[in-house]
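Reviewing the structure listed below.
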Amino acid sequence: LSEEYLLRRIKDAPALLAMHNGHPVGFFLTHSVSELGPVFIDPLYRGMNIAQLLYARMLFELGPSNRAVMFVFTSNIASQTYIERMSCPKTDETIVWFWNDN
């Protein structure tokens with residue numbers, strides 16, 4: 001994920017960037033105000049609740065009346081666990097999603 005790619009993405013939809021000492025350590029991108037994700041945390045900073053803070057801030061920014069869908073890989077147990085702790089309902093469906101970023 002290059003800086004150019006991230007800058008292009010954040011022009012079109014809400015995004016958050018986590019910084020530490022002036023360096024990016026994580027981000028939360030969205031596809032629109034109703035489709036949340038992906039979240040990425042630098043491996044050196046994982047386990048420090050940065051993703052949880054980004055989720056909480058994004059949901060706060062969207063406001064209480066907005067509903068959103070979060071896309072999480074089935075292999076990402078940590079994100080699934082956190083989202084379930086936020087009392088977000090989980091679907092039993094598998095979603096296959098293709099997108100062309102041209």
Show me the donor-acceptor pairs, under 3.5 Å and distance only, between side chains in residues 22-29 and residues at least two apart or in other chains.
none

Can you pull out every salt bridge (Lys or Arg N to Asp or Glu O under 4.0 Å) where at least one residue sits in residues 49-58? Sequence neighbours excluded, please. Arg57-Glu61

Among all residues two or more places apart in sequence or in another chain, which pass the side-chain contact (heavy atoms from CB on, under 4.5 Å) test with Thr81? Ile77, Arg85

Partners meeting side-chain hydrogen bond (donor to acceptor under 3.5 Å, both in side chains) with Gln80 (sequence neighbours left out): Lys90

Under 3.5 Å donor-acceptor pairs involving side-chain atoms of residues 42-56, not counting sequence neighbours:
from, atom 1, to, atom 2, distance (Å)
Asp42, OD1, Leu44, N, 2.8
Arg46, NE, Ile41, O, 2.7
Arg46, NH2, Ile41, O, 3.0

